[in-house]
Trainee: 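I have a structure I would like to understand better, so I am pasting it below and will then ask my questions one at a time.
Letters A, B, ... mirror the listed sequences (proteins, then strands); counts begin at 1.
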There are 2 protein chains.
Amino acid sequence: MKKREKISEAVIKRLPIYYHCLKWLENDGITRVSSNIISGMLNVTASQVRQDFSNFGEFGQQGYGYDVAFLKNQIAAILGLDKRYNVIVIGAGRIGEALASYKGFKNEGFDFIAAFDIDTKGRDMIGDVPLYHYDKLEEFAKDNRIDIAVIAIPAESCKEVAAFIKKLDIKSIWNFAPVFLYMGEDIAVENINMSESLFMLVYKANNLIKEK
Amino acid sequence: MKKREKISEAVIKRLPIYYHCLKWLENDGITRVSSNIISGMLNVTASQVRQDFSNFGEFGQQGYGYDVAFLKNQIAAILGLDKRYNVIVIGAGRIGEALASYKGFKNEGFDFIAAFDIDTKGRDMIGDVPLYHYDKLEEFAKDNRIDIAVIAIPAESCKEVAAFIKKLDIKSIWNFAPVFLYMGEDIAVENINMSESLFMLVYKANNLIKEK
DNA sequence: TAGATTGTTAATCGATTAACAATC
DNA sequence: TAGATTGTTAATCGATTAACAATC
């Protein structure tokens, strides 16, 4: 992997898309692909595909294209998907429950090791994941490596919980609370903002016909 | 509202953010705001704020700024949030259940009127929303106006269900299946792709220290 | 070899930022 | 009026696309 300068957000956003595309090709038994074919499968130009990849190294061969399995692994490595991650969920409401119970994450390298809530409602598990009172989080964090904390609680307490997560020295927050969370330089945050997405959908639908 | 040419995605993506910001100001009893203050609250420049708004009209006053309530309503109207929408959920698994049960949408103008699944598991409601067998969808669509269909099913059947939704003449799809759905010009789609978001998070976390 | 396709440089396009006249 | 802040034009910055030499 080439030494990377500063890769733009736009490029990074496309990496998971390439990754999925390559996984799909691999599942189909296809071993070889060109930037042109990728361009046809996704909403990108062939030029963009080559430009994007060349940020990280030279993964292809002139006259041949790219080896699907090799390229997939390279992109996985760039994204950090060659490692496993320990994940906890804060908030055992419906969203927290859905996330903790979803079986698909394990395949991708994400192990959901615990869930926490201020009210466990008598449950001690959600799906296969042990559920603890939120009070136990600090102790749990001492005894376990936690890579990612999922926030799945109402907006009100989101910032407070995020600050606590930072204090526990967890480096990544996946935020489902309807709040745009910005935590500064030394902690990674991704916000899933459903209502923003829903509003965008409505805008798009209302402007379908007008656009040409 | 000014006659709009072609507004860029980048601008549209910021509208829901402005909207939330203004709602927040309004709740706080603040009646007046400048582009400079908005810039301070969000991750945008004052210039960008004014540039964005001016795509749709002249909402401010020199020397004064913007009236919060007025601006909020203008943006709501641009997004189409001045109307109500009928929503159905396809898939009564954990995600579908979480969405159908979430009370917050009603406030924003979204009425969840029904859910459908190929296996209702003996339930006839999820939350306050009636649950029907998927077979009943076509009939239901004849008797009811459906503005938005939420897809909350596994990846495999997503495209098929999406095609059926299109056939029913529903104009918007909010897709939670882990598939990038592209449906062409005459139907609006928003994809909530959780695994892409999770991958981005991992990339960000792995590149925190290196960046500067 | 001839054909195909990469990686990269240069050209274009679009979005963001800066600046400022207009004006409340 | 003087100060503040808009809406807009021009300048800058960055990302996308096109083109092509290198080479498998």
Side-chain angles (χ1 to χ4, degrees), chain A residues 1-18 21-22 25 30-72 74-75 78 200 211-212, chain B residues 1-18 21-22 25 30-72 74-75 78 200 211-212:
Chain A
M1 212 184 306
K2 195 159 82 176
K3 186 201 147 204
R4 11 185 162 140
E5 305 288 313
K6 172 76 179 185
I7 309 295
S8 80
E9 273 280 299
V11 175
I12 299 164
K13 276 215 177 85
R14 284 192 292 269
L15 293 179
I17 301 173
Y18 293 133
C21 171
L22 290 160
L25 287 167
I30 295 159
T31 58
R32 175 188 162 184
V33 72
S34 70
S35 55
N36 208 34
I37 290 173
I38 296 176
S39 159
M41 295 177 67
L42 308 171
N43 195 23
V44 289
T45 64
S47 207
Q48 200 166 34
V49 171
R50 296 198 298 278
Q51 195 76 272
D52 283 349
F53 293 165
S54 77
N55 282 297
F56 303 99
E58 305 189 3
F59 302 146
Q61 273 193 330
Q62 284 102 324
Y64 177 84
Y66 302 91
D67 179 85
V68 170
F70 174 77
L71 183 58
K72 196 203 82 175
Q74 290 297 315
I75 292 176
I78 293 163
M200 287 268 297
E211 278 169 25
K212 192 132 210 256
Chain B
M1 213 184 304
K2 193 158 82 176
K3 184 200 148 203
R4 9 183 163 141
E5 304 289 314
K6 173 76 180 184
I7 308 295
S8 80
E9 273 281 299
V11 174
I12 299 163
K13 276 217 177 87
R14 285 193 292 269
L15 293 178
I17 302 173
Y18 293 134
C21 170
L22 290 160
L25 287 167
I30 294 160
T31 57
R32 176 188 159 185
V33 73
S34 70
S35 57
N36 207 34
I37 289 173
I38 295 175
S39 160
M41 296 177 67
L42 309 172
N43 196 22
V44 288
T45 63
S47 207
Q48 201 166 32
V49 172
R50 296 199 298 279
Q51 196 75 272
D52 284 349
F53 293 165
S54 76
N55 282 297
F56 303 99
E58 305 188 4
F59 302 147
Q61 272 193 330
Q62 283 103 325
Y64 178 86
Y66 302 91
D67 179 85
V68 170
F70 175 76
L71 182 59
K72 196 202 79 174
Q74 290 296 315
I75 292 176
I78 294 163
M200 287 268 297
E211 278 172 23
K212 202 155 199 233

Trainee: For the pair made of CG in B/Leu71 and P in D/dT6, what is the distance, rounded to whole Å?
Mentor: 10 Å
Trainee: Classify the ring geometry between B/Tyr66 and B/Phe53 as parallel (under 30°), tilted (30 to 60°) or perpendicular (over 60°).
Mentor: perpendicular
Trainee: Output the rounded distance in Å from CZ (A/Arg32) to P (C/dA4).
Mentor: 11 Å
Trainee: Of the candidate nucleotides C/dC24, C/dG7, D/dT16, which contains the atom at the shortest distance from the side chain of A/Ala10?
Mentor: D/dT16
Trainee: Could you walk me through whether B/Leu71 and B/Tyr18 satisfy the side-chain contact (heavy atoms from CB on, under 4.5 Å) test, starting with their C-alpha distance in whole Å, then the side-chain angles of each, then the deciding distance to 0.1 Å, before giving a yes or no?
Mentor: CA-CA 9 Å; B/Leu71 182 59; B/Tyr18 293 134; over 6 Å; no
Trainee: Could you state the atom-to-atom distance from CG of A/Asn43 to C1' of D/dT16 in whole Å?
Mentor: 13 Å
Trainee: Return one dot-bracket line describing DNA chain C 5' to 3' (Watson-Crick or G-U wobble pairs, both distances under 3.5 Å; ( ) same strand, [ ] crossing, | another strand, . none).
Mentor: ..||||||||||||||||||||||
Trainee: Using atom CG of A/Leu42 as one end and atom C1' of D/dT16 as the other, report the distance to the nearest whole Å.
Mentor: 16 Å
Trainee: Just checking B/Tyr66: base, sugar-phosphate only, or nothing, at a heavy-atom cut-off of under 4.0 Å?
Mentor: sugar-phosphate
Trainee: Rounded off to whole Å, could you give me the CZ-to-C1' distance for the B/Arg14 and C/dG14 pair?
Mentor: 12 Å
Trainee: How many Å lie between CD on B/Glu9 and P on C/dG14, as a whole number?
Mentor: 14 Å
Trainee: Side chain of A/Ser34 only, please: which of C/dT5, D/dT8, D/dT6 is the nearest?
Mentor: C/dT5
Trainee: Would you say a side-chain N or O of A/Gln61 is under 4.0 Å from OP1 or OP2 of C/dT6?
Mentor: no
Trainee: Between A/Leu42 and A/Arg14, is any pair of side-chain heavy atoms under 4.5 Å apart?
Mentor: no
Trainee: If you check every side-chain atom of B/Arg50, which of C/dA22, C/dA19, D/dT17 has the closest atom?
Mentor: C/dA19
Trainee: Which part of the nucleic acid does B/Ser47 contact within heavy-atom distance under 4.0 Å: base, sugar-phosphate only, or nothing?
Mentor: base
Trainee: I need the CD-C1' distance between A/Gln62 and C/dA4, as an integer number of Å.
Mentor: 10 Å
Trainee: Nearest whole angstrom, please: distance from the P of D/dT16 to the CZ of A/Phe53.
Mentor: 14 Å
